[in-house]
Amino acid sequence: MRELPETLTPSTLTVTAGRPAHEPDAPLNPPLTLASTYVAGGALEYGRYANPTWEAFEEVLGGLEGGRALAYASGLAAIATVLDLVPVGGIVVAPRHAYLGTVGQLADLTTSGRLGEARLVDIADTEAVRRAMPGAHLVLVESPTNPALEVADLPTLCAAGREAGAVVAVDNTFATPLLQRPLDAGADVVVHSATKFLAGHSDVVLGALVTAPTPRGDELSEELASRRRKIGAIPGPFETWLALRGMRTLHLRVERSCANAVTLAERLAAHPAVERVRYPGLASDPGHGRATAQMRAYGGIIAIELRGGAAAADALTRTTRLWVHATSLGGVESTFERRRRWATEVATIPDNLVRMSVGIEDVDDLWTDLSTALDQLVDRSG
Ligand code: PLP
């Protein structure tokens, strides 16, 4: 891989890291290496142990987060591997409004006795999280949370978690390393669903973990790499190649998506069909406050609660022409869904909450589509 100067801005890193050396006839892009096995005697040996395409992806993500990255089969495979670090009967502190797959894994592992306890907390209530920490082996933060968009005070929680003797992992899927770098805030591990903004084109399922560039981080990285190998939670080379290609424009996509989200959040807050807008940067949102200062911008995800309950939310998702009714998020196209349509969504997520993933289209086209559908809700209820 090509050596780079040490101090590069994130936008230069996304474009230049993880590329072959500048040599005559070398390809500009890392090749897609499809190999289950390699000629014996080298460092790679077998396709479950190593792959040069994974390494190119890992180099870019590691550079952006400021640590050492490992790619996994999916975001949930990465989270499962972190949970696997917890001793049998151990204690995990996690947000009550984390991604439903994370909350689901914690519930299953607690029911089976694999974990002793999962202490679910309001991650924006720093004191409550601290009170839950004594005896914990893992503090698994997600910030902003999916889909409630609560923001955690990362520096305070990371310091408190470390003091309590726990490993601190932060799911940075919503913010991306361009808006927030948890390792700088003191986290041990960063978690990603690379399926979302990192890959960015709704065509890949992929996960990643990034560990701190410290002796403790290196130890964790060795352990997590060994677990990936043993459990086999490895990514496909093509998925990693696609995600790497997607990451080349991460800075442009995130910038546009954030700018669109700010405009839409403000317009949504003024619309009579909308009861509440959750967007961390919005002054009227309760998530707004001290903790948001650690973010460079507030991301491309908004949640709205509709007047008229679940029926109004469902009607909205059926009416638009540009906004696509679909799960997942972080793609170039704008998508949305009523989260409680999933029976497994946490019961304290409001029934009328629609999570919106703001894409990179023209913001006025997005608003025209959305406001036409919202106006119809008002006409119907009036
Ligand atoms: N973490 C967060 C915050 C997510 O939103 C998701 C998926 O929606 C995941 C983890 C799981 O990732 P994946 O779907 O790639 O397994």
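Just so it is clear, the structure is predicted and the values come from calculations on it, not from any experiment. Residue numbers count from 1 along this sequence.
The aromatic rings of Tyr49 and Tyr46 sit perpendicular, their planes meeting at an angle over 60°, well past the 30° parallel limit.
Residue Pro30 comes nearest to Gly18 through the heavy atom pair CG-O, 3.3 Å, listed as atom of the first residue, atom of the second, then distance. The two residues Phe197 and Ser257 make their nearest non-hydrogen contact at CE2-OG, 4.0 Å. Here the closest non-hydrogen pair linking Arg48 and Ile234 is O-CG2, 3.6 Å. Shortest non-hydrogen contact noted between Leu154 and Ala185 is CB-CB, 3.9 Å. The minimum heavy-atom distance linking Gly67 with Pro213 is given by the pair CA-CD, 4.2 Å. Pairing each heavy atom of Leu329 with each of Asn146, the nearest pair is CD2-ND2, 4.2 Å.
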Trace of the side chain to side chain donor-acceptor pair (under 3.5 Å) decision for His97 with Thr348: CA-CA 8 Å; His97 290 155; Thr348 45; 2.8 Å; yes

Please test Arg245 against His201 for side-chain contact (heavy atoms from CB on, under 4.5 Å), starting from the C-alpha separation and ending with a verdict. CA-CA 10 Å; Arg245 184 182 158 115; His201 293 73; over 6 Å; no

Should Glu333 and Ser202 be marked as a side chain to side chain donor-acceptor pair (under 3.5 Å) after you check the CA-CA gap, both sets of side-chain angles, and the distance that decides it? CA-CA 9 Å; Glu333 62 290 275; Ser202 310; 2.9 Å; yes

So Glu239 and Leu242, side-chain contact (heavy atoms from CB on, under 4.5 Å) or not? Walk me through it. CA-CA 5 Å; Glu239 278 73 8; Leu242 278 174; 5.8 Å; no

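For the atom pair CD1 of Ile360 and OG1 of Thr249, the computed distance is 7.0 Å after rounding to the nearest 0.5 Å. Rounding to the nearest 0.5 angstrom, the gap separating the CD atom in Glu275 from the CG atom in Leu306 is 8.5 Å. Rounded to the nearest 0.5 Å, atoms CZ (Phe336) and CG (Leu316) are 4.5 Å apart. Atom CG of Leu64 is separated from atom CG of Leu13 by 5.5 Å, given to the nearest 0.5 angstrom. Distance check, rounded to the nearest 0.5 Å: CG of Leu264 to CD1 of Ile302 gives 5.0 Å. Expressed to the nearest 0.5 Å, how far OG1 of Thr319 lies from NE2 of His325 amounts to 11.0 Å.
No side-chain heavy atom of Val346 sits less than 4.5 Å from a side-chain heavy atom of Arg96.
No more than 12 heavy atoms of other residues, nucleotides or ligands sit less than 6.0 Å from atom CD of Glu255. Environment of CZ in Arg341: crowded, with over 12 heavy atoms of neighbouring residues, nucleotides or ligands closer than 6.0 Å. The number of heavy-atom neighbours closer than 6.0 Å to CZ of Arg355, taken from other residues, nucleotides and ligands shown, is above 12.
No donor-acceptor distance shorter than 3.5 angstrom exists from the side chain of Asn352 to the backbone of Ala312, with no hydrogens or angles considered. In this structure, the side chain of Thr195 engages the main chain of Leu206 through a donor-acceptor pair within 3.5 Å. Side chain of Arg248 to main chain of Thr14: a donor-acceptor pair is present (N/O by atom type, distance under 3.5 Å, no hydrogens or angles). Remark: the backbone N or O of Thr81 is not paired with any side-chain donor or acceptor of Tyr72 at under 3.5 angstrom. In this structure, Thr110 contributes its side chain and Leu115 its backbone to no donor-acceptor pair below 3.5 Å. In terms of modelled atom types and a separation under 3.5 Å, the side chain of Ser193 and the main chain of Leu76 share no donor-acceptor contact. Panel note: side chain Glu150, backbone Asp122; no donor-acceptor pair is recorded below 3.5 Å. Under the 3.5 Å distance criterion, the side-chain polar atoms of Trp54 are matched with a main-chain donor or acceptor of Pro235. Panel note: side chain Thr53, backbone Thr33; a donor-acceptor pair is recorded below 3.5 Å. Side-chain N or O atoms of Thr176 include none that pairs as donor or acceptor with a backbone N or O of Asn172 at under 3.5 Å.
The list of salt bridge (Lys or Arg N to Asp or Glu O under 4.0 Å) pairs with a residue in residues 207-222, not counting sequence neighbours, reads Arg68-Asp218, Arg68-Glu222, Asp188-Arg216.
Residues satisfying the side chain to side chain contact (heavy atoms under 4.5 Å, CB included) test with Asp108, not counting sequence neighbours, are none. Among residues two or more places apart in sequence or in another chain, the side chain to side chain contact (heavy atoms under 4.5 Å, CB included) test is passed with Ala303 by Leu149, Arg278, Leu353.
With respect to the salt-bridge test (charged N to carboxylate O, under 4.0 angstrom), the residues Arg228 and Asp84 do not qualify.
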